[in-house]
Amino acid sequence: MLALTRKKGEALVLNNNIEVTILEIRGDQVKIGVSAPKEVPIYRKEVYLQIQKENEESSSADSMERLKNLF
């Protein structure tokens with residue numbers, strides 16, 4: 001993991017087309033802004049992990065068997 005120090009208003013660039021900017025620092029919270037092309041999905045990590053879990057569950061053999069029984 002790369003750890004960087006940034007101040008309010010400063011940014012970093014990822015992959016030449018994603019910019020992450022520090023918008024506000026208040027106590028132990030940091031507000032960030034992300035500018036990226038529309039085709040780049042951006043999720044909070046907890047949402048991303050839930051999506052991955054649901055995708056795994058829906059592609060399980062049991063789910064596939066239930067889907068076959070529908071038709």
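Within a 6.0 Å sphere centred on CD of E46, heavy atoms belonging to other residues, nucleotides or ligands number more than 12.
Connection of I25 to L12 is established within a shared hydrophobic cluster, with ILVMFWY side chains joined at heavy-atom distances below 4.5 Å, either directly or through further cluster members. I42 and Y48 fall into different hydrophobic clusters, defined by Ile, Leu, Val, Met, Phe, Trp and Tyr side-chain heavy atoms under 4.5 Å apart, directly or through other members. The hydrophobic cluster containing V20 also contains L4, counting ILVMFWY residues as joined when their side-chain heavy atoms lie under 4.5 angstrom apart, directly or transitively. Under a hydrophobic-cluster definition in which Ile, Leu, Val, Met, Phe, Trp and Tyr are linked whenever side-chain heavy atoms come within less than 4.5 Å, directly or via other members, I51 and L49 are assigned to the same cluster.
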Start with the C-alpha gap between E54 and Q50, add the side-chain angles, then the distance that decides, and say whether side-chain hydrogen bond (donor to acceptor under 3.5 Å, both in side chains) holds. CA-CA 6 Å; E54 290 176 9; Q50 184 64 34; 3.0 Å; yes
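At distances below 3.5 Å, at least one donor-acceptor pair connects side-chain atoms of E10 with backbone N or O atoms of K7.
Side-chain contacts under 4.5 Å among hydrophobic residues (ILVMFWY), followed directly or transitively, place V13 with no other residue at all.
The shortest heavy-atom contact between A11 and R6 is O-NH1, 3.1 Å.
Among L14, I18, N15, the one residue that satisfies the side-chain contact (heavy atoms from CB on, under 4.5 Å) test with V40 is I18.
In this structure, the separation between CD1 on I32 and CD1 on I22 is 6.5 Å, given to the nearest 0.5 Å. Atom NZ of K31 is separated from atom NZ of K8 by 10.0 Å, given to the nearest 0.5 angstrom.
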